[in-house]
Amino acid sequence: MSEVPFGRVAALWRFPISSLGGERLERAALTAAGIEGDRTHGVFHAESGEIAYPGRDRRWAALPRALSRLRADGALEVSTDGSIWGDPAGPRQAAALSAFLGFPARVRRYAGEGPRPRYNRAPIHLLTTSALRTLQTILPDSVIDARRFRPNILVDTPEELDGIPEYALRGRRFRIGGVTLRGTIPCARCAFTTLAQPGLPEDREVFRALLHRFGRDLGLYCEVEGAGSLRHGDAVLQPEPAPA
């Protein structure tokens, strides 16, 4: 079956620790569980064991301003200021994270194998620049940046496309680099999108617009049907529709 271009990869992100800011990648390896190293750890209250939920509980609202990344050797690092990095399980960074939040917190790996309860719809979040442009038109005074919506893959789509063209990939297989994906359902968003992140101010109008104009959705969940790797700039190819 012949393929037609849909767009190109404009950015790739991995979020090693859920709720923290992530790292931008030039290349990513994908398995059935998603981008390798993505959302493997969470932040928990050190005394109650409660999981962080920044979009619902203001006690955790500062977390998106902290950052997480993986070193080349796979070691996990966290930073609360973007300059000092370290092992989140180490005493220095554990104390820094707790001080940052104002209560005792710790980072730990999610238990078990396979999808976790909060991320079991599909492992990949895909978003297009068309969707961002559409939202920016609705909110001309807001800072609309892909990082607010925490996609794994941002696809640059033609200027003439408006709305949310990624929805055309629902239920369809498509290819990016050496990876085959299948679009599933729209990404449901929460008040997390309003929170401040490095370089992005808090803006409650963002979630209000998503709620009232898009039914809270923006972007597309995708499953990985053919593992492989992809890079910044790779073409996104979808099957050409069959003739009528």
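For this chain, numbers begin at 1 and follow the sequence in order.
- Of the possible polar contacts, none joining the Arg213 side chain to the Leu135 backbone as a donor-acceptor pair under 3.5 Å is found.
- The closest side-chain heavy-atom distance from Arg175 to Leu230 is not below 4.5 Å.
- In this structure, the side-chain contact (heavy atoms from CB on, under 4.5 Å) partners of Leu76, at least two apart in sequence or on a different chain, are Pro16, Ile17, His41, Leu70, Pro88, Val107.
- Going from atom CG of Leu200 over to atom OG1 of Thr193 covers 11.5 Å, rounded to the nearest 0.5 Å.
- Using a 4.5 Å heavy-atom cutoff, the side chains of Glu50 and Asp57 are in contact.
- Distance check, rounded to the nearest 0.5 Å: CH2 of Trp13 to CG of Leu127 gives 8.5 Å.
- The structure places CD1 of Ile176 at 7.5 Å from SG of Cys222, a figure rounded to the nearest 0.5 Å.
- Between the side chain of Arg170 and the main chain of Tyr167, a donor-acceptor pair closer than 3.5 Å is present.
- Screening residues 62-72 for side-chain hydrogen bond (donor to acceptor under 3.5 Å, both in side chains) gives Arg69-Glu77, Arg71-Asp73 as the qualifying pairs, with residues at least two apart or on separate chains.
- For the residue pair Thr134 / Asp162, no side-chain donor-acceptor distance below 3.5 Å is found, with atom types taken as modelled.
- Gln238 places no side-chain N or O within donor-acceptor distance of the main-chain N or O of Arg172, the cut-off being under 3.5 Å.
- Note that CD of Glu159 and CZ of Arg133 are 4.0 Å apart. Values are rounded to the nearest 0.5 Å.
- Within the 4.5 Å cutoff, no side-chain heavy atoms of Val43 are placed close to those of Ser19.
- No more than 12 heavy-atom neighbours from other residues, nucleotides or ligands sit within 6.0 angstrom of CZ on Arg173.
- Placement of Phe192 and Leu154 in two distinct hydrophobic clusters is found when ILVMFWY residues are connected by side-chain heavy-atom separations under 4.5 Å, directly or transitively.
- Two different hydrophobic clusters hold Phe15 and Tyr221 under the rule that ILVMFWY side chains link at heavy-atom gaps under 4.5 Å.
- Here the closest heavy-atom approach between residue Ser130 and residue Thr157 is recorded as OG-OG1, 2.6 Å.
- Put simply, the side chain of Ser18 reaches to within 4.5 Å of the side chain of Tyr110, judged on heavy atoms.
- Nearest heavy atom pair, residue Leu67 against residue Pro198, reads CD2-CG, 4.1 Å.
- No side-chain heavy atom of Val224 sits under 4.5 Å from any side-chain heavy atom of Thr31.
- Using a distance-only test at 3.5 Å, with no hydrogens or angles considered, no donor-acceptor pair links the side chain of Asp156 to the main chain of Gly7.
- In this structure, Asn152 CG and Leu126 CG are separated by 9.0 Å, a value rounded to the nearest 0.5 Å.
- Taken to the nearest 0.5 Å, the CZ atom of Phe44 stands 4.0 Å off from the CD1 atom of Ile51.
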Practice item. Could you check Leu161 against Thr129 for side chain to side chain contact (heavy atoms under 4.5 Å, CB included), going step by step and ending with a plain yes or no? Key: CA-CA 9 Å; Leu161 285 181; Thr129 54; over 6 Å; no
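- Counting heavy atoms from C-beta on, the side chains of Arg231 and Val9 never come closer than 4.5 Å.
- Annotation for Arg27: atom CZ counts as buried by contact number, over 12 foreign heavy atoms lying within 6.0 Å.
- Proximity of Ile153 to Val236: side-chain heavy atoms (C-beta onward) are nowhere separated by under 4.5 Å.
- If you check the side chains of Thr128 and Glu166, you find a donor sitting under 3.5 Å from an acceptor.
- The backbone N or O of Phe207 lies less than 3.5 Å from no partner atom in the side chain of Thr194, so there is not a single donor-acceptor pair.
- In this structure a side-chain-to-backbone donor-acceptor pair under 3.5 Å is missing from Arg14 to Ile35.
- The two residues Val179 and Gly228 make their nearest non-hydrogen contact at CG2-C, 3.5 Å.
- Among pairs with a residue in residues 88-100, none fulfils side-chain hydrogen bond (donor to acceptor under 3.5 Å, both in side chains), at least two apart in sequence or across chains.
- Residue Leu25 is not grouped with residue Leu20 when hydrophobic side chains (ILVMFWY) are merged at heavy-atom distances under 4.5 angstrom, including chains of intermediate members.
- The minimum heavy-atom distance between Ala131 and Pro165, with the atom names listed, is N-CD, 4.4 Å.
- Taking the six-membered ring for Trp and the full ring otherwise, the centers of Phe103 and Trp60 sit less than 6.0 Å from each other.
- Asp203 has its side chain out of reach of Val143: every pair of non-hydrogen atoms, C-beta onward, lies at least 4.5 Å apart.
- Counting all heavy atoms, side chain and backbone alike, Ser79 lies closest to Ile84 at OG-O, 2.9 Å.
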